[in-house]
Amino acid sequence: MTVRDWFKVPNLLSYFRLILIPFFVYYYLGAETQMDYVYATVILLLSGITDALDGFIARKYNQGTKIGQLLDPVADKLTQIAVVGVLMIRWRLFIFLFVLFLIKETFMFIQNLRLYRKNITLDGAKWYGKIATIIFYLTMFIAVFFPNLTDATITVLVILASLFQLLAFYKYARLFYVMENE
């Protein structure tokens, strides 16, 4: 890893995503008008766009780095934790999704470490992980942008996001089992 790796465009975008987290939290928690929620949503949308861009640029222009492989998922997880964390303040039901997310991500981290020790690596996110992440983010965007949703709507959103988290958890658990026992 060279010093130049730290300053490649995909990594700069990941740093930017990390910087956006406190701004999102500030705008969301301090929101008093619909426009304040719009600002929080725009920050979240900007974070999502830079997330997609960093991966695209890294692949298309061969700017992938070891630091980027670590930085990108850290920025993703910290953003997700921040968003669901502030939503738990408004709607307690998000605690369920938050706990499920933490269990899944902790499991994935431990399993990846175990495989790494055997010189085995999971080659990127699988389709079910990507779908779970997309549904998770859609749920977050909707809840952030529409702060006056009914409890019934929030319940449906949390159940839907939780089902996709569970599906991804199950599929990754099976994949890790197969990879470890090959």
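All residue numbers in this chain count up from 1 along the given sequence. On a predicted model such as this, the values are computed, not experimentally measured, just so you know.
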Side chain to side chain donor-acceptor pair (under 3.5 Å) involving Asn112 - partner list, sequence neighbours excluded: none
Can a donor-acceptor pair be found, under 3.5 Å and without considering hydrogens, that links the side chain of Arg17 to the backbone of Asp72? yes
Where does the angle between the aromatic ring planes of Phe101 and Phe136 fall among parallel (under 30°), tilted (30 to 60°) and perpendicular (over 60°)? parallel
Hey, what do you get for CZ (Phe176) to CD1 (Ile110), rounding to the nearest 0.5 Å? 10.5 Å
Matching residue for Thr79 among Leu44, Leu18, Val84, Val74 - test: side-chain contact (heavy atoms from CB on, under 4.5 Å): Leu44
To check you understand the geometry: which heavy-atom pair defines the closest contact between Glu105 and Lys77, and what is its length? OE1-CE, 3.0 Å
Between Gln165 and Phe98, is there a donor-acceptor pair closer than 3.5 Å when you use the side chain of the first and the backbone of the second? no
Would you name the heavy atoms of Leu87 and Met140 that are closest together and state the gap between them? CD1-SD, 3.4 Å
Could you go through Ile120 and Arg114, starting from their C-alpha distance and side-chain angles, then the distance that decides it, and tell me whether this counts as side-chain contact (heavy atoms from CB on, under 4.5 Å)? CA-CA 9 Å; Ile120 303 170; Arg114 290 178 67 197; over 6 Å; no
Compare all side-chain heavy atoms of Leu160 with those of Thr139 and state whether any distance is below 4.5 angstrom. no
Verdict with supporting geometry, Gln80 and Tyr137, side-chain contact (heavy atoms from CB on, under 4.5 Å): CA-CA 8 Å; Gln80 293 166 343; Tyr137 268 114; 3.4 Å; yes
Given 3.5 Å as the limit, does a donor-acceptor pair link the side chain of Thr153 with the main chain of Leu149, or not? no
Mark yes or no for whether Asp36, through its side chain, and Thr33, through its backbone, hold a donor-acceptor pair below 3.5 Å. yes
Short N-O contact, Asp5 and Lys66, less than 4.0 angstrom: no
Would a 4.5 Å heavy-atom cut-off, applied to side chains only, mark Thr65 and Thr2 as touching? no
Ile103 and Phe169: side-chain contact (heavy atoms from CB on, under 4.5 Å), yes or no, with the steps? CA-CA 9 Å; Ile103 291 169; Phe169 188 13; 3.9 Å; yes
Candidate pair Glu180 and Lys118, rule side-chain contact (heavy atoms from CB on, under 4.5 Å), full reasoning: CA-CA 9 Å; Glu180 196 166 17; Lys118 294 181 176 186; 3.3 Å; yes
Determine whether a donor-acceptor pair (N or O, by modelled atom type, separation under 3.5 Å) exists between the side chain of Arg90 and the backbone of Pro147. yes
Considering residues at least two apart in sequence or located in another chain, which fulfil the side chain to side chain donor-acceptor pair (under 3.5 Å) criterion with Thr106? none
Return the orientation label for the Tyr15 and Trp6 ring planes: parallel under 30°, perpendicular over 60°, tilted otherwise. parallel
For the backbone of Phe7 and the side chain of Asn11, can you confirm whether one donor and one acceptor N or O come within less than 3.5 Å of each other? no
Can the ring centroids of Tyr37 and Tyr27 be said to lie less than 6.0 angstrom from one another? no
Could you work out, with side chain to side chain donor-acceptor pair (under 3.5 Å) as the rule, every residue matching Thr155, not counting sequence neighbours? none
Relative to the ring of Phe24, is the ring of Tyr28 parallel (under 30°), tilted (30 to 60°) or perpendicular (over 60°)? parallel
